[in-house]
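Following: one structure in structure tokens, then a few remarks.
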Amino acid sequence: TKIAIFASGSGSNFEALEIACREGELDAEIALVMTDKPASFVIERARQADIRGVALEPKAFPTKQAFEEALLAILREAGVEWIVLAGYMRLIGPTMLAAYPSRIVNIHPSLLPSFPGKDAIGQAVAHGVKVTGVTVHLVDEGMDTGPILNQAAVPVVEGDPEKTAQAIQKTEHVIYKETLQKLFKPVPANN
Ligand code: GRF
């Protein structure tokens, strides 16, 4: 299964997925990493992993649709079948959604529908929840909405967003590769 990973930041999820592919835990080929932030560290991680990095800035295009059409041309040319968002801080528009119906996946650092949007971990800690977690879901036109594929609970480290974030990140790096593997290699029911 050929996938493209979209990221806007550090790219630790990209790195975890790249290792999983290389070690045979995830039957997928990362055709490219796309970022809307050329200076983001994920591009450096892609370079280190010898994976094609594509930086495309929406502001270089007259409309969001033009941006997505340019991106789609690159994805089609690379034979990308699934889009995997990993810290991609933009909404996917109708042009992209129509081209990849139910083929775009996202990971979010909370138990959706609680705490959608930015700084989900900070929201959870501020709210005083005792348990938060990670959600993997299919992407629809909303923000952090769409059908939930998998979740894992992560205890909040009382009043310590940083320690809580570290625990969440460890969980993310496991749940994403496991969930994607089930998508790409459904295990036949032994009935
Ligand atoms: C992760 O917490 C992910 O759930 C959220 O953004 C963060 C990306 O982290 N969408 P990284 O860039 O993969 O390290």
Side-chain angles (χ1 to χ4, degrees), residues 3-22 25-26 28 30 32-49 51-58 82-93 96-97 100 104-127 129 131-157 160-181 183:
I3 67 175
I5 295 180
F6 289 13
S8 306
S10 158
S12 74
N13 276 283
F14 154 70
E15 184 174 284
L17 291 173
E18 195 276 326
I19 291 166
C21 291
R22 195 157 23 91
E25 284 186 285
L26 177 55
I30 302 173
L32 61 95
V33 174
M34 180 269 164
T35 187
D36 57 330
K37 299 247 183 305
S40 59
F41 191 60
V42 68
I43 284 294
E44 174 56 22
R45 289 191 205 254
R47 193 191 60 73
Q48 287 169 9
I51 287 182
R52 181 184 173 196
V54 172
L56 214 56
E57 289 190 273
W82 283 80
I83 296 172
V84 175
L85 309 184
Y88 184 63
M89 294 309 179
R90 278 185 199 280
L91 287 180
I92 301 296
M96 188 69 68
L97 286 168
Y100 284 90
I104 306 177
V105 196
N106 185 41
I107 188 165
H108 182 79
S110 76
L111 294 176
L112 292 173
S114 296
F115 314 125
K118 283 191 177 28
D119 192 19
I121 298 168
Q123 289 181 56
V125 173
H127 195 95
V129 297
V131 176
T132 185
V134 177
T135 302
V136 179
H137 65 96
L138 289 179
V139 170
D140 65 10
E141 61 290 338
M143 179 192 294
D144 301 324
T145 53
I148 290 175
L149 297 173
N150 203 357
Q151 293 191 305
V154 177
V156 170
V157 179
D160 190 334
E162 187 41 46
K163 279 217 174 19
T164 304
Q166 285 164 14
I168 282 180
Q169 207 166 68
K170 265 165 60 83
T171 301
E172 288 183 336
H173 296 170
V174 174
I175 193 173
Y176 220 175
K177 66 184 178 185
E178 289 179 347
T179 308
L180 292 173
Q181 181 67 345
L183 275 179

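Counting starts at 1 for both ligands and their atoms, in listed order. Scope of the values below: all heavy atoms of this structure, side chains included, with no hydrogens, waters or symmetry mates. If you're wondering where the values come from, they're calculated on a predicted model, not measured in any experiment.
- In this structure, the separation between CG on Leu26 and CD1 on Ile3 is 6.0 Å, given to the nearest 0.5 Å.
- Annotation for ligand 1: atoms under 4.0 Å from non-hydrogen atoms of Ser10 are 12 (O), 14 (O).
- From Glu141, atom CD reaches atom CD1 of Ile92 across 12.0 Å, with rounding to the nearest 0.5 Å.
- Note on residues 110-119: pairs passing side chain to side chain donor-acceptor pair (under 3.5 Å), not counting sequence neighbours, are His108-Ser110.
- For residues 5-15, the salt bridge (charged side-chain N to carboxylate O under 4.0 Å, His left out) pairs, not counting sequence neighbours, are Glu15-Arg45.
- Between atom 4 (O) of ligand 1 and the options His108, Glu172, Glu15, His173, the minimum heavy-atom separation is to Glu172.
- The nearest heavy-atom contact from the protein to atom 14 (O) of ligand 1 is Ser12 OG, 2.6 Å.
- Close approach of ligand 1 to Gln169 (heavy-atom distance below 4.0 Å) involves ligand atoms 14 (O).
- Residue Pro109 has at least one heavy-atom neighbour below 4.0 Å for each of these atoms of ligand 1: 2 (O), 4 (O), 5 (C).
- Looking at Asn13 next to ligand 1, an N or O pair under 3.5 Å apart turns up.
- The heavy atom nearest to atom 12 (O) of ligand 1, out of those in Gly11, Ala165, Gly87, is found in Gly11.
- With hydrogens and angles disregarded, no donor-acceptor distance shorter than 3.5 Å links the side chain of Thr179 to the backbone of Asn150.
- Nearest to atom 10 (N) of ligand 1 among the protein's heavy atoms is Ile107 O, 3.2 Å.
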Q: Walk me through it: do Ile121 and Thr132 pass the test side-chain contact (heavy atoms from CB on, under 4.5 Å)?
A: CA-CA 8 Å; Ile121 298 168; Thr132 185; 6.0 Å; no

